[in-house]
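Here is the structure we will look at.
Because only heavy atoms are used, hydrogens play no part in the values below, and waters and symmetry mates are left out as well, while side chains stay in. For clarity, every value in this text was computed on a predicted model and none was experimentally measured. Just so you know, residue 1 is the first one in the sequence shown, and it goes up from there.
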Amino acid sequence: CAMAASIWSSLVNLQLCVAYIALNAGLNFANRLALGVYGFSFPLMLTAAHMCLNPLFLAPLMFLSEAYRGRHGDIVKNHWVGLLAIAMFNG
């Protein structure tokens, strides 16, 4: 049973990595289209919109998955210094 849980956890992590890479590539492609092809001249506004929409798109994952919902408090509690540094660098 522990072996099955380990395999399941590895598959979930693999899916998350693939989703991250695919979504990041899609975002880069969309940025290239908006900034280069269509001439959108407000790159900081585009970046701010991406950063503000991230929590909105990640909320279903956090609310629907017990694996993430249960660990969220511990992650924030144990890594608050790093999270604070990231927040300060992002403005």
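Distance alone, capped at 3.5 Å, places no donor-acceptor pair between the Ser9 side chain and the Ala5 backbone. A donor-acceptor pair under 3.5 Å is formed between the side chain of Asn78 and the backbone N or O of Asp74.
Distance check, rounded to the nearest 0.5 Å: OG1 of Thr47 to CG of Asn31 gives 6.5 Å. The line from CG of Asn54 to CG of Leu23 is 10.0 Å long, rounded to the nearest 0.5 Å. Between the CG atom in Leu84 and the CZ atom in Phe89 there is a gap of 10.0 Å [rounded to 0.5 Å]. From Phe57, atom CZ reaches atom CG of Leu53 across 5.0 Å, with rounding to the nearest 0.5 Å.
Not a single side-chain contact (heavy atoms from CB on, under 4.5 Å) links Ile21 to another residue, sequence neighbours left out.
Between Trp8 and Val12 there is a side-chain heavy-atom pair separated by less than 4.5 Å.
A 6.0 Å sphere centred on CZ of Phe40 holds more than 12 heavy atoms belonging to other residues, nucleotides or ligands.
Think of Leu44 as one node in a network of Ile, Leu, Val, Met, Phe, Trp and Tyr side chains linked at under 4.5 Å; it has no links at all. Listed by chain and number, the hydrophobic cluster partners of Val37 are Phe29, Leu33, Tyr38, where partners are ILVMFWY side chains within reach of under 4.5 Å, directly or through others.
Trp80 and Met88 fall within the same hydrophobic cluster, where Ile, Leu, Val, Met, Phe, Trp and Tyr residues are linked whenever their side-chain heavy atoms come under 4.5 Å apart, directly or through other members. Hydrophobic clustering, with ILVMFWY side chains joined whenever heavy atoms are under 4.5 angstrom apart, keeps Leu27 apart from Tyr20.
The minimum heavy-atom distance linking Leu46 with Ala34 is given by the pair CD2-CB, 4.3 Å.
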